[in-house]
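Just below is one structure, and these are the notes that go with it.
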Amino acid sequence: MHIVMAGASGLIGTSMSAAFRDAGHSVVALVRRPPAGAGEVRWDPAAGVLDPSALAGADAVVNLSGAGIGDRPWTRKRVEELFSSRLGPTRTLVQAMAQMDTPPATFISQSASGYYGDAGNTVLREDAPAGSSTLAQICVEWEQAALAAPAGVRVVLPRTGVVFSRSGGALGKLLPLLRLGLGGPFGNGHQFWPWVTLPDVCAASLFLLDSPVSGPVNVTAPEQADVNTIVAALAHALHRPAMLRVPAPVLRTVMPGLGEELLLHSQRMEPAVLASAGFRWQHGGLEDAARWVAAKDSST
């Protein structure tokens with residue numbers, strides 16, 4: 001396939017574009033700077049500018065655009081940026097597709113586990129309702145923008161969970177502490193984190209390119225686990241203790257809004273659509289995933 005990708009330079013985008021190319025697909029990245037070669041096309045999503053010819057001949061468009069959720073404190077300005085950095089690119093892509101006689105057949109537009117808000121121990125399949133948190137509001141508007149794609153375009157909305165990688169991403173700050181024996185659970189640790197490894201995120205995207213699946217898709221591992229269990233598994237794989245619990249009031253004080261929604265909210269997600277469609281996980285179990293994360297002699 002010929003794939004046009006927005007957000008190809010991030011942690012997930014870098015690995016995903018490599019996985020696409022390894023599978024034999026061609027990838028063109030949309031960039032905000034002057035293109036560095038034939039594999040890049042410039043656009044300005046903040047201004048809604050994308051020449052529809054950039055999508056000509058594309059079989060699929062993959063949209064991973066969005067400012068990092070946990071990169072900075074959630075000031076009012078930052079929250080506005082979290083919204084605009086997702087809605088602007090998505091609407092720009094949809095508008096470009098609407099101007100084409102033959103738009104791409106598939107539009108995979110990223111969403112996130114934050115869609116569900118704080119759901120406690122409730123098992124969340126793709127038909128579960130949206131939450132009321134800031135992240136839930138972002139995801140709802142993000143998905144609605146993608147669903148405005150022209151008729152005939154298959155829209156896929158991966159609600160991706162906490163991505164495990166060997167560096168950066170959701171574990172970027174926790175792993176170094178765990179390696180030193182200084183890490184531990186957040187809050188009481190009973191909240192569920194819908195985890196998934198980076199290789200499985202990429203594999204799921206490859207799978208969804210060829211699958212007839214449309215609409216929301218929970219991109220998480222099939223084994224559900226709370227934070228206590230996840231941190232214990234990672235610490236065990238690293239051969240380190242994990243005794244230093246971070247109390248919830250401290251997180252709320254040090255990381256207002258951010259700490260609450262990212263670290264303390266509970267989302268017990270079930271990847272029902274992927275499972276029923278026949279997807280096979282490389283790291284379906286937490287113990288195996290923790291061993292993969294802890295490996296030091298492989299690339300990220």
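Keep in mind that this is a model prediction, so the values were computed, not measured. Along the sequence shown, the residues carry numbers beginning at 1.
Thr160 OG1 to Asp200 CG: the interatomic distance, rounded to the nearest 0.5 Å, is 11.5 Å. To the nearest 0.5 Å, atom OG1 of residue Thr122 and atom CE of residue Met269 are 13.5 Å apart. In this structure, Tyr115 OH and Leu124 CG are separated by 10.5 Å, a value rounded to the nearest 0.5 Å. The distance from atom CE of Met97 to atom CG of Leu55, rounded to the nearest 0.5 Å, is 6.5 Å. Remark: Arg91 CZ to Gln144 CD distance equals 9.0 Å, nearest 0.5 Å. Separating the CE atom in Met1 from the OG atom in Ser26 is a distance of 11.0 Å, to the nearest 0.5 Å.
Counting only heavy atoms from C-beta outward, the side chains of His283 and Arg291 never approach each other to under 4.5 Å. Side-chain atoms of Arg32 and Arg42, non-hydrogen and from C-beta on, never get closer than 4.5 Å to each other. Between Glu81 and Arg72, some side-chain heavy-atom pair lies under the 4.5 Å cut-off. Contact annotation: the side chain of Leu175 approaches that of Leu238 to within less than 4.5 Å [non-hydrogen atoms, C-beta and beyond]. Using a 4.5 Å heavy-atom cutoff, the side chains of Val123 and Gln224 are in contact. The shortest distance between side-chain heavy atoms of Tyr116 and Arg159 falls below 4.5 Å. Between Asn63 and Trp142 the shortest side-chain heavy-atom distance falls below 4.5 Å. You'll find the side chain of Pro194 stays beyond 4.5 Å of the side chain of Asn218, heavy atoms only.
Between Glu143 and Ser111, the closest heavy-atom pair is OE2-OG, 2.7 Å. Heavy-atom minimum distance, Asp118 versus Ser266: OD1-N, 2.9 Å. Heavy atoms only, all atoms of each residue included: Gly285 and Glu223 are closest at CA-OE1, 3.2 Å. When every heavy atom of Leu174 is checked against every heavy atom of Gly184, the shortest pair comes out as CD1-O, 4.3 Å. For Thr220 against Trp281, the heavy-atom pair with the smallest separation is O-NE1, 3.0 Å. For the pair Pro150 and Val94, the tightest heavy-atom approach, listed with the atom from each and the gap, is CD-O, 4.4 Å.
Using bins of under 30°, 30° to 60° and over 60° for the plane-to-plane angle, the ring pair His236/His239 lands in the tilted bin.
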Inset, instruction - Dump the intermediate steps for side chain to side chain contact (heavy atoms under 4.5 Å, CB included) on Val4 and Leu30, then the final yes or no. - result: CA-CA 7 Å; Val4 175; Leu30 298 178; 3.7 Å; yes
Inset, instruction - Evaluate the salt bridge (Lys or Arg N to Asp or Glu O under 4.0 Å) criterion for residues Glu80 and Lys77: first the C-alpha distance (whole Å), next the side-chain angles of each, then the deciding distance (0.1 Å), finally the verdict. - result: CA-CA 5 Å; Glu80 290 174 355; Lys77 182 178 180 181; over 6 Å; no
Inset, instruction - For the pair Gln267 and Phe192, evaluate side chain to side chain contact (heavy atoms under 4.5 Å, CB included) and give the outcome as yes or no after the intermediate values. - result: CA-CA 5 Å; Gln267 292 140 1; Phe192 281 81; 5.8 Å; no
Legend entry - Stepwise side chain to side chain contact (heavy atoms under 4.5 Å, CB included) check, Ile3 with Asp59: CA-CA 6 Å; Ile3 301 165; Asp59 299 291; 5.9 Å; no
Inset, instruction - Applying side chain to side chain contact (heavy atoms under 4.5 Å, CB included), run through Leu234 and Val293 and close with a yes or a no. - result: CA-CA 8 Å; Leu234 290 169; Val293 170; 4.1 Å; yes
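A donor-acceptor pair under 3.5 Å is absent between the side-chain atoms of His2 and the main chain of Gly57, judged by distance alone. Without hydrogens or angle criteria, Asp226 side chain to Thr229 main chain gives a donor-acceptor distance under 3.5 Å. The backbone N or O of Ala67 sits less than 3.5 Å from a side-chain atom of Ser85, completing a donor-acceptor pair. Within the 3.5 Å criterion, the main-chain N or O of Arg78 finds a donor-acceptor partner in the side chain of Thr75. Under a 3.5 Å cut-off, the side chain of Glu261 and the backbone N or O of Gly117 do not form any donor-acceptor pair. The main-chain N or O of Ala54 is never found under 3.5 Å from a side-chain atom of Trp43 such that the two would form a donor-acceptor pair.
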Donor-acceptor contacts under 3.5 Å from residues 6-13 side chains, at least two apart:
none

Per-pair distances, 0.1 Å, donor-acceptor, side chain in residues 205-217, under 3.5 Å, sequence neighbours excluded:
{"from": "Ser205", "atom 1": "OG", "to": "Val201", "atom 2": "O", "distance (Å)": "3.2"}
{"from": "Ser211", "atom 1": "OG", "to": "Val213", "atom 2": "N", "distance (Å)": "3.1"}

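By the criterion of side-chain heavy atoms lying less than 4.5 angstrom apart, applied directly or through intervening Ile, Leu, Val, Met, Phe, Trp or Tyr residues, Val196 is grouped together with Phe164 in one hydrophobic cluster. Hydrophobic clustering (side-chain heavy atoms under 4.5 Å, transitive across Ile, Leu, Val, Met, Phe, Trp, Tyr) keeps Leu82 apart from Leu157. In the hydrophobic clustering of ILVMFWY residues, with side-chain heavy atoms under 4.5 Å counting as a link, Ile138 and Leu93 come out apart. Linking Ile, Leu, Val, Met, Phe, Trp and Tyr whenever their side-chain heavy atoms come within less than 4.5 Å puts Val219 and Ile69 in one cluster. Linking Ile, Leu, Val, Met, Phe, Trp and Tyr whenever their side-chain heavy atoms come within less than 4.5 Å leaves Met16 and Val28 in two separate clusters.
Within a 6.0 Å radius of CD in Glu141, more than 12 heavy atoms belonging to other residues, nucleotides or ligands are found. Heavy atoms from other residues, nucleotides or ligands lying under 6.0 Å from CZ of Arg76 number 12 at most.
Using modelled atom types, one finds no donor on one side chain facing an acceptor on the other under 3.5 Å when comparing Gln282 with Thr197.
Residues passing the side-chain hydrogen bond (donor to acceptor under 3.5 Å, both in side chains) test with Arg21, sequence neighbours excluded: none.
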